[in-house]
Amino acid sequence: MPDIVATEPPKPGGDRWNDLLSLVADTSDKEAFAQLFRHFAPRVKAYMLRLGVDGPGAEELAQETMISVWRKAGLFDPRRSGAATWIFTVARNLRLDRLRKERRPCLDPDDPMLIGESLPAADDLLDSGRRELKIRQAVAALPPEQAEVIGLSFYEDTPHGEIAQRLRIPLGTVKSRLRLAMKRIRAHLGEEE
Amino acid sequence: MTCPSYHPPDEMLMAYGTGSLDEASSLLIATHLTLCRRCRIEVERIEAMGGGLLDSLAPESLSEGALARVMTRLDGPPARSRPPQTAAVAGMPAPLWPYIAGGVDALPWRRVGPGIQQVFVASGPIARARMLRVAPGVVIPQHGHAAGEMTMVLRGGFADAGQTFEIGDIEVAGPETIHRPASDPEEGCLCLAVTDGPLRLTGLLGRLLNPFLDL
Ligand SMILES: [Zn+2]
């Protein structure tokens, strides 16, 4: 690993991770990768633990996720998402691959069959960070019982059932809360139904 | 090409984006996303929530020397392009390609009724996905469902209960739904359907067809 970092000092917040990830993609910068690793690997491990993966498994998945981050860095497109969001999708897909031994059918943004624009609207293009911040603010503004089902959705292995059990509410209530939450988020972002 | 008018329910998009959806249902959602910008934006939003969540989780330290071990495994520079995929199937969205290798016509279609053929493409413990091919102007016998079924148009279209379903549109049927879809009189219909329980057919023809459809 080089001792001297030949890059500008990282900017605060999400932009910093985007820049580091782009450095990995463009110049195979191992020091940039190490910085991403120090921030994200322990969080990916925490995510796996919350999903019920045991300690050694979570450790392995966190390391494998970061190796995937290196290998796939060239596919990261900061116009589409921030680094944290992209790393979340890598971790999510890797867990499904490894633990479920199932295929994970995925959208291909270069698919010739794609209908409609592949990229976000032009006025949003330059700033995935601001776009994602608005989404997180919309989630934070939800009524607590709706924010709760959204948050819990990220930590279950089968849809809705585990939340229903945990909160002792019917499955239908979980679904209707999720629908209400998504509707509110759309309204918050200024979209009509 | 216009965007679909009938989308999967929000909680399905949520399950897809968070990573809890089964393979057969994910196949339907990923295929729909190819055809629907509105739902692509929804899923991107859910993933952005996941990113925010990941960023805010309290870190769990990794074992001693984990970074060094990972560093030794970084073989070669990052890839510049997507790894080669299964061979393309012309005219079909990419998520379907591995399931229909060789093309739609080469699938082991089984006749399940006059003008109706089907083939299972993905089966799991929770749900099964099949393709349905219906000749032009065929009315599928009135039937209900033991659980839920989502049917998405890939080619042609169908009409049911006064609504018209075209490419990318998803009809969601619950246990209470009794329907009687009719395929497009000129193009017929090619659909991807995901069922999370056996079909229950009603009516006389339904009873006759039941042993075929309810695999
Ligand atoms: Zn849609």
Side-chain angles (χ1 to χ4, degrees), chain A residues 1 24-25 28 30 33-34 37-38 41-47 49 59 62-63 66-67 70-75 80-82 84-85 87-89 92 95-96 102-108 111 113-117 132 135-136 139 150-151 153-154 156-160 175 178-179 182 185, chain B residues 1-3 9-15 18-23 26-27 29-31 33-37 40-42 44-45 47-55 57-63 66-67 69-71 73-74 77-82 85 91-95 98 124 126 168:
Chain A
M1 219 186 300
V24 170
S28 310
K30 289 200 172 176
F33 176 80
F37 187 99
R38 287 187 201 102
R43 288 171 171 82
V44 172
K45 185 175 176 183
Y47 164 66
L49 289 169
E59 167 94 21
Q63 294 187 22
M66 295 313 293
I67 290 171
W70 172 270
R71 289 189 183 144
K72 295 181 176 169
L75 305 179
R80 286 180 196 283
S81 69
T85 295
I87 294 173
F88 161 74
T89 63
R92 174 198 67 192
R95 185 187 76 92
L96 290 172
E102 273 188 357
R103 261 192 289 219
R104 154 98 187 166
C106 269
L107 173 77
D108 176 353
D111 191 338
M113 287 287 290
L114 207 72
I115 295 180
E117 270 299 303
E132 294 191 353
I135 294 164
R136 286 159 202 167
V139 177
I150 295 257
S153 294
F154 285 89
E156 45 168 26
D157 198 35
T158 51
H160 324 314
K175 292 185 191 180
L178 282 173
R179 286 182 195 185
M182 300 278 283
I185 290 167
Chain B
M1 204 68 106
T2 52
C3 255
D10 280 338
E11 72 272 12
M12 294 276 300
L13 294 174
M14 182 63 99
T18 59
S20 64
L21 202 59
D22 64 280
E23 182 178 348
S26 294
L27 175 62
I29 298 295
T31 305
L33 293 182
T34 308
L35 306 172
C36 182
R37 178 167 154 81
R40 283 202 293 276
I41 292 171
E42 290 291 322
E44 275 164 17
R45 236 171 239 168
E47 291 172 343
M49 294 174 202
L53 202 104
L54 183 68
D55 216 21
L57 277 175
E60 290 278 345
S61 13
L62 270 75
S63 61
L67 173 59
R69 278 198 301 282
V70 164
M71 288 299 233
R73 291 181 56 199
L74 303 181
R80 303 299 318 166
S81 59
R82 253 155 249 285
Q85 300 170 333
M92 288 289 124
I126 297 163

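Numbered from 1 within each chain, the chains take letters A, B, ... in sequence-line order.
- Ranked by heavy-atom pairs under 4.5 Å with chain B, the list Ala46(A), Gly82(A), Ser81(A) is led by Ala46(A).
- Judged by distance alone, with hydrogens and angles left aside, the side-chain atoms of Asp111(A) form a donor-acceptor pair with the main-chain N or O of Ala94(B) at under 3.5 Å.
- Among the candidates Ile67(A), Ile135(A), Leu114(A), Leu178(A), the residue making the largest number of heavy-atom pairs closer than 4.5 Å to chain B is Leu114(A).
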### Trace of the side-chain contact (heavy atoms from CB on, under 4.5 Å) decision for Phe88(A) with Leu53(B)
CA-CA 9 Å; Phe88(A) 161 74; Leu53(B) 202 104; over 6 Å; no
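- Looking at Ile185(A) and Met49(B), their side chains come closer than 4.5 Å, going by heavy atoms from C-beta outward.
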### Query
Going through the checks in order, is the side-chain contact (heavy atoms from CB on, under 4.5 Å) test met by Thr34(B) and Leu107(A)?
CA-CA 6 Å; Thr34(B) 308; Leu107(A) 173 77; 3.6 Å; yes
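- In this view, Phe33(A) and Trp70(A) satisfy the ring-ring contact (aromatic ring centres under 6.0 Å, His included) rule, not counting sequence neighbours.
- The distance from atom OG1 of Thr18(B) to atom CD of Glu156(A), rounded to the nearest 0.5 Å, is 6.5 Å.
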### Task
For Met14(B) and Ile150(A), run side-chain contact (heavy atoms from CB on, under 4.5 Å): C-alpha distance rounded to whole Å, both residues' side-chain angles, the deciding distance at 0.1 Å, then the answer.
CA-CA 8 Å; Met14(B) 182 63 99; Ile150(A) 295 257; 3.1 Å; yes
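- The choice from Leu33(B), Leu21(B), Leu13(B) that makes the most heavy-atom pairs within less than 4.5 Å of chain A is Leu21(B).
- Arg40(B) places a side-chain N or O within 3.5 Å of a backbone atom of Glu117(A) that can act as its donor or acceptor partner.
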### CA sep, side-chain torsions, deciding dist, call: Arg43(A), Glu60(B), salt bridge (Lys or Arg N to Asp or Glu O under 4.0 Å)
CA-CA 6 Å; Arg43(A) 288 171 171 82; Glu60(B) 290 278 345; over 6 Å; no
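- Both the backbone and the side chain of Ser63(B) come within less than 4.5 Å of a heavy atom of chain A.
- Chain B forms more heavy-atom pairs under 4.5 Å with one residue of Gln63(A), Arg104(A), His160(A) than with any other, namely Arg104(A).
- Under a 4.0 Å N-O distance rule, the pair Glu132(A)/Arg45(B) does not qualify as a salt bridge.
- Ranked by heavy-atom pairs under 4.5 Å with chain A, the list Ala30(B), Pro59(B), Gly124(B), Pro98(B) is led by Pro59(B).
- Among the candidates Pro93(B), Ala15(B), Gly168(B), the residue making the largest number of heavy-atom pairs closer than 4.5 Å to chain A is Pro93(B).
- By the side chain to side chain donor-acceptor pair (under 3.5 Å) test, Arg179(A) pairs with Glu11(B), sequence neighbours left out.
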